[in-house]
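Reviewing the structure listed below.
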Amino acid sequence: MIIEQGRDGKRGQFPIGLRVLAVDDDPTCLMLLEILLNHCQYHVTTTTQATTALKLLRENMFDLVITEVHMPDMDGFKLLQLVRLKMDLPVIMLSANASTEDVMKATTHGACDYLVKPVHIKELKNIWQHVIRRKMKGYYSMDLHTNLGHRQEMHQKFVAAVIKLGIDKALPSKILDLMNVEKLTIENVASHLQIYRPYLKKLSCMALQK
DNA sequence: CATTGAATAT
DNA sequence: CATATTCAAT
């Protein structure tokens with residue numbers, strides 16, 4: 001991937017040729033997705049099968065994977081799981097109808113984003129940031145690294161608990177004993193809840209709009 | 001006492 | 001800058 005300095009007075013950097021693998025069993029959606037990604041100046045590879053996606057990932061280098069959730073040959077979450085486990089790439093989930101369970105599954109299984117069809121270019125223009133963030137991890141020290149891992153686990157349990165309760169019924173005390181993690185106080189949960197409420201609202205809205 | 005919002009601190 | 005801790009008000 002090449003980072004090009006912004007020209008004509010525009011500040012900031014823009015990624016050219018980010019290698020994206022797009023997976024969708026629906027050819028029409030896949031084609032649309034490819035066009036959109038190309039407009040973002042990414043280097044796009046497409047496939048309609050999750051199994052071939054895995055083969056492509058084994059043979060080529062990619063920076064990011066974006067995949068449909070519901071596919072005939074393999075569940076999108078299965079693909080997510082395999083990719084995250086084997087090659088530690090950022091994965092973005094894509095679906096026409098975002099049920100609460102699907103969004104929860106995606107977040108708890110380590111997807112870095114969840115897009116609802118129809119996808120618009122605005123959303124795709126920002127996905128390269130996931131790649132940058134992942135590469136930044138290499139600069140962190142060991143203990144910081146493990147701390148981040150611990151935080152992510154906490155956050156996953158947190159999100160799972162909140163969605164299980166329902167966003168409206170999710171109170172710190174309820175979340176706390178639903179997570180049942182040692183050395184975790186109500187204040188910790190309350191603080192985390194305070195910060196993540198907008199994010200959780202977005203998840204619920206996504207699930208509602210279908 | 002639990003919850004929330006906001007000020008600090010890391 | 002994100003998020004954790006702490007404090008004040010409800």
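In what follows, chains are A, B, ... by sequence order, proteins preceding strands, each numbered from 1.
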Go along nucleotides 4-10 of chain B 5' to 3' and tag each nucleotide: B for a protein heavy atom under 4.0 Å from its base, S when only backbone or sugar atoms are that close, - otherwise.
-> BBB----

Out of curiosity, A/Asp113 CG to A/Met93 CE, how far, rounded to the nearest 0.5 Å?
-> 11.0 Å

Taking every non-hydrogen atom, the tightest pair across A/Ala170 and A/Leu193 = O-CD2, 3.9 Å

Bounds of contact between DNA chain C and chain A, in 5' to 3' order, using a heavy-atom cut-off under 4.0 Å | C/dT3 to C/dT5

Hey, does the side chain of A/Tyr42 reach the backbone of A/Leu124 with a donor-acceptor pair shorter than 3.5 angstrom?
-> yes

Is there a donor-acceptor pair under 3.5 Å between the side chain of A/Asn188 and the backbone N or O of A/Thr185?
-> yes

Could you list the donor-acceptor pairs under 3.5 angstrom formed by side chains in residues 72-80 of chain A, with sequence neighbours left out?
residue: A/Asp73; atom: OD2; partner: A/Ala50; partner atom: N; Å: 3.0
residue: A/Asp73; atom: OD2; partner: A/Thr51; partner atom: N; Å: 3.2
residue: A/Asp73; atom: OD2; partner: A/Thr51; partner atom: OG1; Å: 3.3
residue: A/Asp75; atom: OD1; partner: A/Phe77; partner atom: N; Å: 2.8

Tell me, which pairs form a salt bridge (charged side-chain N to carboxylate O under 4.0 Å, His left out) where one or both residues lie in residues 23-33 of chain A, sequence neighbours left out?
-> A/Asp24-A/Lys117

Going by side-chain heavy atoms closer than 4.5 Å, which hydrophobic residues are tied to A/Ile35, directly or by a chain of links?
-> A/Met31

Which heavy atom of A/Tyr114 sits nearest a heavy atom of A/Asp102, and at what distance?
-> OH-CB, 3.4 Å

So, with a heavy-atom separation below 4.0 Å from DNA chain C, the residues of residues 175-187 of chain A are none

SG (A/Cys112) and CD1 (A/Ile127) are apart, to the nearest 0.5 Å, by 8.5 Å

Indicate yes or no for a side-chain donor-acceptor contact from A/Arg19 to the backbone of A/Asp63 under 3.5 Å, with no hydrogens or angles considered.
-> no

